[in-house]
Amino acid sequence: MNKEALTPESTAETREIVLAAREAGSRLLPAGRRTWPRAGGWTRDGGTPVSTSQLDTVHHYEPADLTLTAGAGIGLDRLARIVGPNRQWLPFDAPGSSAGTLGAAVASGTSGPLRTRYGATRDNVLGLEVVTGDGRTLRIGGRVVKNVAGYDLVRLFTGSRGSLGIITRVSVRLFPIPEADETLLFSGGPAEAVSMARTVCTSEVPVAAAELVEGEEVGADRAMVLAVRLLGGPREVEESRRRICAALGTDPWRALHDGESRRFHAARIGWEEGASVVARLAALPDRIDAALAAARACATRANGAQGSAAITADALQGLVRVRASLPDSDSTRLAETLATARRETEALGGSLTLSHAPPEVAARVGWTGSGPETAALTDRIKALFDPDSVLAPRCP
Amino acid sequence: MIPGRLTKELARICGRDHVIVDRDRLLVYESDALTAYRHRPGAVVLPRTTEEVRRTVQAVVRHGLPIVPRGAGTGLSGGAVALNGAVVIGTARMNRILAIDAPNRRAVLQPGVINAELSAAAAVHGLYYAPDPSSQTACTIGGNVAENSGGPHCLKYGVTSRYVTGLTVVLADGSVVKVGGHGREAPGYDLVGLFVGSEGCFGIATEIEVGLLPVPEGVRTLLGIFDRIEDSGRAVSDIISAGLLPAAMEIIDGPTIRAVEDSVFAAGYPTDAEAALVIEFDGLEAGLDHEAERATRFCFRAGAREVRSARDEEERLALWKGRKKAFGAMGRIAPDLLVQDATVPRTTLPAILKGISEIGNRYNLIVANVFHAGDGNLHPNILFDRRDLDELERVEHASKEIMQLCVDAGGTITGEHGVGLDKKHHMPLIYGPDELDTMWGIRRVFDPGAVMNPGKVLPEETEPSPANPRREPAPGELVGAPAPA
Amino acid sequence: MSAAADSLAHAVKEQEEGLLNCVHCGFCLPACPTYRRLGDEADSPRGRLHLMRAVVEGRLDPGAEAFQTHIGRCLGCRACEPVCPSGVEYGNLLELARHVGGEARRPSLVTRLLLRVFGTEWLARPAMFAGRAARATGIPALVTRLLAGSAPPRGPRLGLAMLAASGPMRGLHAAPAGSGSPRPGARVRATVGLLTGCVQAGLFSRVNQATARVLEANGYQVVPVEAQGCCGALHAHAGDLEAARAMARRNVEAFEAAGVDYLAMNASGCGAAMAEYGSLLSHDPAMRDRAAAIAGRVRDVSELLAACGPVRGSAVRMKVTWDAPCHLVHAQRVSGPPQAVLDAVPELDVLPLAGATECCGGAGIYGLTHPHLGGWIGGDKVRSVLESGADILVTGNPGCMMQIGAGLRLAGSEVPVLHLVELLDESYRRAGFYAGGTDHGNGSRP
């Protein structure tokens, strides 16, 4: 990962790099700003990094269209500064993405807690320009919000993690920044917090996000905190707050308004930073208590090994994340722990995937769970775009 | 006609009553809602389960015949038309809602479930299914998945692919594949997303898992009446720019207003107006009035002559009536109707509308516009009579020019109706040879034998073949795909 | 093009509004009871219109199996009309198609026999008499009870059950009649002539009498209309347009002679047919305008009652559910007035009925000509009636009363079927409205 990155300055140059690598039989590792080098883990087997960070031009931005087209290397932070003055934003809040590039966010395809309100990352990518592993430049999708012309290759590339092509240009859908942004923090014991989350998630109030966070991370003296984010017009948000408090029978431990609320969530995007292992346990939202229990057992064992571990959950999605940093020596034990957690989550009808892990742990546990029946299809897809495996290995 | 042996085999699989081979009966399946294309299928099979679909696919493929999936046949692109005596697999009998899981806001369905009936069934739990194509009272979820259907309310809520979380699919080789699934994370290639909108070319979805939303507590509907269509377009832009996010914004133009008012569906829109803009907000009761007031002000500021608002459901339906009945009304003033479906960047709407009207004038045709203004999805309707051959020819020219106009403005050829048979020859307007080549490749990934809905979406002449080999890019070759982005 | 196709082509030319208006959108599919059950588009309104167009275009022979089967299989419930965005007048086109189909190939013996009976007074009278006599023996009811719950209702069993179901509800007049209070509505609001009909007169005379009583209680003067006859609806539906036109002419003349303000209908099938006399006789220059004028005065009894309130009677503490006859709700688009009538009965518990606007499968003589499909559709109706939790089913058409009543009996249920006016009549009787007035009698006893 320390290799000097190639930094093409145009799509044509990107393509030359790919064609040359293909001819030479060497490997490339598509990347953005390289702030999140292990994103998704599947980029593990190396090659020469190709960073699209120089491809950061804004090609098209018409505020009244609520769409933007830019080079894949544009930082999400810079993009926010460009569209912010028009009271617009790109509500991408996937882990780690605020420091990264637009291209990397699309390539990783992960979504954050705002998914329920704004859709997943893939729902807001309108068009892409990519250089495929066999050196074709494809322009797929477009820059209009409704487009069903041809097969949806945009969705295929969103989340393909550099395995099919290098994303060089992206068109996205923007949204107006809501007038009011409020986050209500309710604290309680583990069971209490889950029960509060359930009440909020099944209520008629349109909450934008609902996350469970360990109390000490936010300075609460109870074990867990439920963070409910409300976005909308001021009257709507006020009414939502009133109803949520009524439904829970309590006032929030703390309420964060506007700037405070935004900063709180911006900070949470970096929650996985520095962790050597991150596991995602997904289950149906009404089984989140069981998924949390599996995650907690996992974290406790990691902590027992003199590491530090934490958990958080997106209650609306039914997604629990475990973050752990621990000495490399204990990888066997960690692998066992993760394997157990995976068995438990799969028994719930859910899944456990690793998004960060030391190679030896990943090798033992596997990035994803039991083999999908779609392997034959995904092999053929990989071969269609990158027949000589110039790029990252295919997604599982 | 299909071979007698195949008929017998299909009858054993699905029951004799559900295999249609009588040539006269097959007439009714010769087209979908776009009647310009008529091809009589070789047979129609109406299975009831995934297993019956699987065995039907195997049997038909074994006899070397192509397959066309069909829902309610409400599509507007000829996608469900059977070319070359293909066997239609209809999903009309696969109409069971298998589960509504209210706590997790999801449902599992067979493909033949009607869109509006899913919402009706979910309503007892306070939930609904958000994508609402105009044909929602008749179209099926399976068809919606195939076409990635939109609808007036996708401005705020997004299209079908946002709501489909899992699929059970029967592929051409007779295999049954499950992709996605709510509550599971499937990192990597988004096969569900790829399948949605594949227009029946990848396989047949036999079980569909979708996400549901809570029914909005309140709705406010406004109707702005404008003397100039550009003004209505400006009102739309101003509302969006101000950060308001209505659930729907729909415009019908002067010719359409007059068609509606002349028909039995008269909705009370002033006939001398040049645009009627329907705006709808939904969400919590609190705040809706405030949003509606702001939108009303924007309408007046943009030059609205009048803004009506609905207080109750009855008034709401009255305001929508002109929009909802527009197609039917136009059906009454001309024997034939060509509906286009281009999407353009919202800000180009005024220029595009002007351009369309000029094209109409030049070819001496009536072009009436109904469109989803919020997301730039236009539905220009060219009215004509197919028995007038000269007019027919003018329609073809005008249609092509309108399409080109929209593409040049950064738009696309279809926003929600799909490519099907109708628009496949327009695909090269927006995609270069490499993109089309790649789409052929993706299609072969799912269907190497080219048996699923052949002749749709991609123009034949772009198909890679020994005579027309897949282009191998060489180092140093210039980059230059003509493209919208 | 064959002569028959030519005649459809001719008819279609006149109905151009109708056939060409179909833009093939498919919105009618889910509204169609046969499509919903069979899943074949040839059994949908759009499919049938497509077949009709194919005949006109010379691509299909009207004698062909496909045309005969699918046009024949239509219930004629017209549920497709209200949902059609292009306003296709399906009912009219269906009658024309059946006419053409009938010319190309003779209808089945059952159809011809039934139509002959209804259309010919000297046959209908003895048949209805025989029916009443048989019903009076109690044998149909007994046999129906014995056969309840076995195979799906069809054939002779269905016929017997329908006969049994046409009888009055037992214990309807068990509550003491009120006394003394004068009949309200003495002021003459308008004069009405009641279509006494063929089946109503034969098997439902009690409904005719109740109709007259409740109308008078609401201030209408019911004038006897001599020389009237069968409305011809069944004949038109079956495509025997010449017979239907002859009956229409006779009725136009009879009601003209009576000089009434309105024609009151208590059979929605007849009401729908008479409301369309104008188009039925549009070929006949001598009759066209007269027919249209008479058609314009046709009102369902519920419309007449709703127009004046109606007057409220005494409490009837029963749990009922309302099934909307197709020819009332779809063909005549009358949906509010029956509710107003139910509201005029104090303390009546009206429960919702799932699929209340869907056809019961009776559809004139459908239950007899298509026993299997009719039985299937009827079975679904019976199930939803039983699931509604109502003790009594109320509807507004004798065909529906017999079809659903037969289905209920064969399912072993005791839930009786009442005509809407019978219920209001009972409420008025209990209120004593009839104590001092003319008694039209309680109808025939079983």
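It should be emphasised that the depicted structure is a prediction, and the values quoted were computed from it without experimental measurement.
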4.5 Å side-chain heavy-atom contact, Thr378(A) and Leu191(B)
yes
Go through the atoms of Tyr118(A) and report whether side chain, backbone, both or neither lie under 4.5 Å from a heavy atom of chain B.
backbone
Is Arg346(B) close to Thr67(A) at the side-chain level, that is, under 4.5 Å between some pair of heavy atoms?
no
Which atom pair, heavy atoms only, marks the closest approach of Gly411(B) to Val144(A)?
CA-CG1, 4.1 Å
Examine whether an atom of Thr345(A) lies under 4.5 Å from a heavy atom of chain B, and if so say whether it belongs to the side chain, the backbone or both; otherwise answer neither.
neither
Leu316(A) versus chain B, the contacting section by heavy-atom distance below 4.5 Å
neither
Value rounded to 0.5 Å, distance of CD in Glu236(A) from CG in Leu284(B)
5.0 Å
Give the minimum heavy-atom separation between Lys146(A) and Gly150(B), together with the two atoms involved.
CE-CA, 4.4 Å
Under a 3.5 Å distance rule, please check whether Asp123(A) uses its side chain to pair with a backbone N or O of Gly158(B) as donor and acceptor.
no
Ion pair Arg243(A)/Glu217(B), N-O distance below 4.0 Å:
yes
Rounded at 0.5 Å granularity, tell me how far CG in Asn86(A) sits from OG in Ser241(B).
8.0 Å
Pairwise distance OG1(Thr374(A)) to NZ(Lys178(B)) - rounded to 0.5 angstrom:
13.5 Å
To the closest 0.5 Å, what do you measure between CG (Leu377(A)) and OG (Ser175(B))?
7.5 Å
Looking only at non-hydrogen atoms, find the nearest pair between Arg117(A) and Arg162(B) and report the distance.
O-NH2, 3.1 Å
Tightest non-hydrogen contact, residues Ser161(B) and Arg122(A), listed as O-NH2, 4.0 Å
Side chains of Tyr151(A) and Leu458(B): closer than 4.5 Å at any heavy-atom pair?
yes
Residue among Pro216(B), Gly418(B), Ser198(B) with most heavy-atom pairs under 4.5 Å to chain A
Ser198(B)
Ranking Pro176(A), Ala64(A), Ser203(A) by heavy-atom pairs under 4.5 Å to chain B gives rank one to Ala64(A)
How many angstroms lie between atom CG of Asp434(B) and atom OG1 of Thr132(A), to the nearest 0.5 angstrom?
7.5 Å
Are the side chains of Leu384(A) and Trp440(B) in touch, meaning some heavy atoms are under 4.5 Å apart?
no
Side-chain touch Asp190(B)/Leu156(A), heavy atoms, less than 4.5 angstrom:
no
Candidate list Thr343(B), Thr412(B), Asn148(B), Asp375(B), test side-chain hydrogen bond (donor to acceptor under 3.5 Å, both in side chains), partner Asn147(A), passing option
Thr412(B)
Atom group of Arg115(A) that falls short of 4.5 Å from chain B, counting heavy atoms:
backbone
Trace of the salt bridge (charged side-chain N to carboxylate O under 4.0 Å, His left out) decision for Arg105(B) with Glu204(A):
CA-CA 12 Å; Arg105(B) 294 183 175 167; Glu204(A) 78 290 353; over 6 Å; no
Check: Glu147(B) and Val148(A) side chains under 4.5 Å, non-hydrogen atoms
no
Look up atom OH in Tyr431(B) and atom CG in Leu138(A), then write down how far apart they are to the nearest 0.5 Å.
10.5 Å
From CA spacing to verdict: salt bridge (charged side-chain N to carboxylate O under 4.0 Å, His left out), Arg136(A), Asp437(B)
CA-CA 10 Å; Arg136(A) 292 153 199 272; Asp437(B) 210 41; 3.3 Å; yes
When you compare the side chain of Leu284(A) with that of Asp101(B), does any pair of heavy atoms fall below 4.5 Å?
yes
Quick one: of Arg198(A), Gln88(A), Glu62(A), Glu238(A), who has the most non-hydrogen atom pairs under 4.5 Å with chain B?
Glu62(A)
Return the option, out of Leu194(B), Val419(B), Thr347(B), with the maximum number of heavy-atom pairs under 4.5 Å with chain A.
Thr347(B)
Is Asp152(A) close to Val196(B) at the side-chain level, that is, under 4.5 Å between some pair of heavy atoms?
no
Which atoms of Pro63(A) approach chain B - backbone, side chain, both or neither, heavy atom under 4.5 Å:
neither
Go through the atoms of Arg87(A) and report whether side chain, backbone, both or neither lie under 4.5 Å from a heavy atom of chain B.
neither
Under 4.5 Å to a heavy atom of chain A? For Val169(B) that would be neither
Which bit of Ser240(A) comes within less than 4.5 Å of chain B, counting heavy atoms only: side chain, backbone, both or neither?
both
Assert top hit (heavy-atom pairs under 4.5 Å, partner chain A, pool Ala342(B), Gly415(B), Ala286(B)) equals Gly415(B)
All heavy atoms of Ile413(B) vs all of Ala149(A), minimum pair found to be CG1-CB, 3.9 Å
Toward chain B, the part of Ala120(A) with a non-hydrogen atom under 4.5 Å:
neither
Check Pro345(B) against Arg143(A) and note the closest heavy-atom contact, atom names and distance.
CG-NH1, 3.5 Å
